[in-house]
A.B. asks: 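A single structure is presented below for examination.
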Amino acid sequence: MKRLLNALQKLGGALMLPIAVLPVAGLLLRLGQPDLLNIPVMAHAGQAIFSNLGLLFAVGVAIGLARDNHGAAGLAAVVGYLVTLKGAAVFLTAPASVLAGVPAHAQALVAAASADQELQQLTVPVGIISGLMGGALYNRFHRIRLPSYLAFFGGRRFVPILTGFAALPLAILLGLELPHLESGMATLSRTVLAAGPWGLFIYGVLNRLLIVTGLHNILNSFAWFIVGNYHGVTGDMNRFFAGDPTAGSFMSGFFPVMMFGLPAACLAMYHTALPQRRPAVAGLLLSIALTSFLTGVTEPVEFTFMFLAPGLYLVHALLTGLAFIIMNALDVKLGFTFSAGLFDYVLNFNHDTHPLLLLPVGVVYFGLYYGIFRFVIIKFDLKTPGREEAEPSAAERPAGVGGLEEAPSAAGTVLARARAFIAALGGSDNLDVVNACTTRLRLTVKSQETVDPAALKRLGAIGIVRTSADGLQVIVGPTAELLAGEMREALASLPGGQRIHASSAKAEVPQLEVSPAPRPQAVALSKPIVEKLLAALGGAANVRTVEPADSRLRIAVADAGGVDHEALRRIGLRGSALVAPNCVHVIVGPAAQSASSALRDLVGAAGAH
């Protein structure tokens with residue numbers, strides 16, 4: 001069960017990458033309409049993105065699932081996606097009514113267009129499946145070694161090839177079973193839509209309850225991109241922008257909560273803070289309230305009370321479900337391409353149905369949230385921001401959402417900030433995977449015990465969620481993706497044998513110390529050692545150039561995935577590091593010059609054969 005939960009959480013995080021592209025699609029599509037800028041090329045550009053959502057999901061999910069977010073996984077998913085759809089089209093025949101009156105020389109073209117149209121409603125599910133396939137195969141085979149005569153196709157290059165073959169059974173299944181799949185999707189959509197207000201209520205409640213695990217993204221993807229059908233366009237969001245007058249039900253209910261309710265909760269937290277602490281928390285609460293109001297990003301607010309008062313969070317979830325019922329009863333249909341914030345509300349105002357009714361509903365929700373939160377905080381003495389007795393933490397400084405708009409003052413640089421977070425997470429040796437979604441770091445750690453929540457809080461984190469024995473999420477606000485990239489860069493830039501150690505109780509910014517890898521004995525770079533070195537580098541076919549640089553070898557390789565760093569360590573060398581996409585440094589000590597010559601000789605001899 002835990003493995004399934006971890007897998008679903010990874011999928012939920014991966015789904016955010018393609019979804020993050022939708023705001024630009026919405027901007028182009030709406031701004032290009034006649035009622036705004038009336039620029040057809042802009043409108044068609046936006047529509048092109050919506051028309052190819054399946055392809056975006058294939059690439060985004062694969063890259064999001066790949067261990068190092070490498071583009072080869074995305075390329076593999078594209079191959080799988082195209083093979084699946086084009087292969088399935090072979091099994092489809094155009095109805096006689098479609099071909100009636102079409103000249104013989106044009107019938108093949110019309111039949112192909114008919115097949116593409118029939119498959120259109122399944123492009124998003126196929127894209128997600130292709131992304132899962134590409135990401136999984138990349139993680140399993142991106143370091144595969146093939147015989148020397150096939151070495152060029154080894155490593156990451158092997159993954160798209162394998163994915164193409166793996167997609168063939170899916171293409172056959174899709175082509176043969178398309179009528180049953182269409183019938184199943186239609187039945188599921190009708191069931192969901194027939195549930196009416198109570199179905200929307202359950203969706204709204206589950207959306208908020210699942211946010212703690214990140215699984216709400218899977219629920220959203222189903223509602224926004226799969227449910228319903230309007231002239232071949234599926235999903236509440238897609239149908240809304242395609243002009244379906246019934247679409248928008250799965251988006252409208254978020255607006256009263258995100259634009260009015262949660263900002264009111266922040267105001268209640270400010271008014272109930274200790275008088276001497278209000279100036280310290282004002283910046284934090286204002287920033288997260290504005291983030292919710294303007295963009296619809298709510299997690300920074302929700303994690304301030306989610307674990308302090310689970311009962312209060314349950315009330316928040318129920319009020320979200322109630323908002324869907326109210327908006328549906330008033331026939332309010334609002335849409336967004338990112339989230340339910342002011343930006344999307346204004347942008348899509350002319351496309352919405354009864355958009356002004358949001359304002360009275362919003363005022364009611366503002367008062368409701370403010371009254372409930374103020375009462376509960378005072379009644380149960382909740383330690384919301386500003387009610388703790390301790391001195392203000394870094395998370396309370398007005399440095400932006402979650403305190404992460406700028407690097408911590410003690411760190412001074414972006415790299416130092418990343419190192420500080422790595423240290424608070426138990427050091428570089430404790431981190432296996434570093435990813436991110438909209439507002440949180442998604443991490444896999446070796447040990448939860450070495451993670452320092454207090455240090456994370458001092459660095460500006462809003463909260464942490466331990467999703468499994470090795471799964472950890474750190475809520476930091478909208479800068480999560482940027483911070484994750486900085487952390488990956490800091491980890492990748494560590495020379496061989498160098499580590500970032502776990503933070504102590506007194507230190508927020510770690511000191512970088514050198515811990516040389518164990519060296520059992522002095523290594524004489526004899527011919528057998530050099531041969532082992534060449535093998536660990538992926539063989540002669542993988543080595544392009546070898547140059548000495550002081551105590552290390554600077555080696556350009558064809559495929560960095562073919563380099564076995566563990567094998568290099570076992571040889572007894574001092575360390576190795578990938579310093580560029582296709583450049584490896586191997587530390588060998590004073591023998592670098594002679595090792596370089598010996599290695600070049602071996603590569604040359606292999607090439608001569």
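No experiment lies behind these values; they were computed from the predicted model shown.
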A.B. asks: Could you state the interatomic distance from CH2 (W224) to CG (N238), rounded to the nearest 0.5 Å?
C.D. replies: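 If I round to the nearest 0.5 Å, the distance is 12.0 Å.
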A.B. asks: Identify, with sequence neighbours excluded, every residue that meets side chain to side chain contact (heavy atoms under 4.5 Å, CB included) alongside A25.
C.D. replies: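 With neighbours one apart ignored, the set is I49, F50.
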A.B. asks: Any idea which heavy atoms bring F240 and M251 closest together, and the distance?
C.D. replies: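 Heavy atoms of F240 and M251 come nearest at CB-CE, 3.9 Å.
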A.B. asks: If the test is side-chain contact (heavy atoms from CB on, under 4.5 Å), which one of L431, V433, N435, N430 qualifies with T444?
C.D. replies: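 Option passing the side-chain contact (heavy atoms from CB on, under 4.5 Å) with T444: V433.
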A.B. asks: Aromatic ring centroids of F373 and F305 under 6.0 Å?
C.D. replies: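 Yes: the rings meet the under 6.0 Å criterion.
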A.B. asks: Sequence neighbours left out, what passes side chain to side chain contact (heavy atoms under 4.5 Å, CB included) with P197? Give chain and number order.
C.D. replies: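 Side chain to side chain contact (heavy atoms under 4.5 Å, CB included) list for P197, sorted by chain: I325, N328.
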A.B. asks: Going from CD1 on I202 to CZ on F324, what distance comes out if it is rounded to the nearest 0.5 angstrom?
C.D. replies: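 Reported to 0.5 Å precision, the distance equals 12.5 Å.
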A.B. asks: Grab the two heavy atoms, one from L200 and one from S249, that are nearest each other, plus how far apart they are.
C.D. replies: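 Nearest pair, atom of L200 first, then S249: CD2-O, 3.6 Å.
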A.B. asks: Minimum heavy-atom separation for R488 to V434, with atom names?
C.D. replies: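 Of all heavy-atom pairs spanning R488 and V434, the closest is NH1-O, 2.7 Å.
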A.B. asks: What's the separation between atom CG in N348 and atom NZ in K333, rounded to the nearest 0.5 Å?
C.D. replies: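 Output value for this atom pair is 15.5 Å.
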A.B. asks: Measure the spacing between CG of L312 and CD1 of I377 and express it to the nearest 0.5 Å.
C.D. replies: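 With rounding to 0.5 Å, CG (L312) is 7.0 Å from CD1 (I377).
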A.B. asks: Are side-chain heavy atoms of R417 and L483 found at a separation under 4.5 Å?
C.D. replies: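 Result yes, sub-4.5 Å side-chain heavy-atom pair found.
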A.B. asks: List in chain and number order the residues that pass side chain to side chain donor-acceptor pair (under 3.5 Å) with H271, two or more places apart in sequence or in another chain; answer none if no residue qualifies.
C.D. replies: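 Only Y370 meet the side chain to side chain donor-acceptor pair (under 3.5 Å) criterion with H271.
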A.B. asks: For T298 versus R208, what's the shortest heavy-atom pair and its separation?
C.D. replies: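 Heavy atoms only, the tightest pair is OG1-NH1, 2.9 Å.
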A.B. asks: So do L318 and L322 actually touch side chain to side chain, heavy atoms under 4.5 Å?
C.D. replies: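 No, side chains not in contact.
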A.B. asks: Which heavy atom of T304 sits nearest a heavy atom of M269, and at what distance?
C.D. replies: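 Heavy atoms of T304 and M269 come nearest at OG1-CE, 3.2 Å.
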A.B. asks: Name all residues meeting the side chain to side chain donor-acceptor pair (under 3.5 Å) criterion together with E299; count only those two or more places apart in sequence or in a different chain, and write none if there are none.
C.D. replies: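 Listed in chain order: T439, R440.
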A.B. asks: Got a sec, which residues hit side chain to side chain contact (heavy atoms under 4.5 Å, CB included) with V315, two or more places apart in sequence or on another chain?
C.D. replies: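 Here the qualifying residues are L319, I372.
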A.B. asks: Ignoring hydrogens and geometry, is there a side-chain-to-backbone donor-acceptor pair from T320 to H316 under 3.5 Å?
C.D. replies: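 Checked: pair present.
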A.B. asks: To the nearest 0.5 angstrom, please state how far the OG1 atom of T337 sits from the CD1 atom of I19.
C.D. replies: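 Rounded to the nearest 0.5 Å, the OG1-CD1 separation comes to 11.5 Å.
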A.B. asks: With ring-ring contact (aromatic ring centres under 6.0 Å, His included) as the test, would you mind laying out the steps for F225 and F57 before giving the verdict?
C.D. replies: CA-CA 11 Å; F225 306 113; F57 272 93; 5.1 Å; yes
A.B. asks: Provide the closest heavy-atom pair for A323 versus P256 in the form atom of the first, atom of the second, distance.
C.D. replies: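 Residues A323 and P256, closest heavy atoms: CB-CG, 4.3 Å.
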A.B. asks: For Q448, enumerate each residue passing the side chain to side chain donor-acceptor pair (under 3.5 Å) test, keeping only those at least two apart in sequence or located in another chain.
C.D. replies: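 Side chain to side chain donor-acceptor pair (under 3.5 Å) check on Q448 returns R466.
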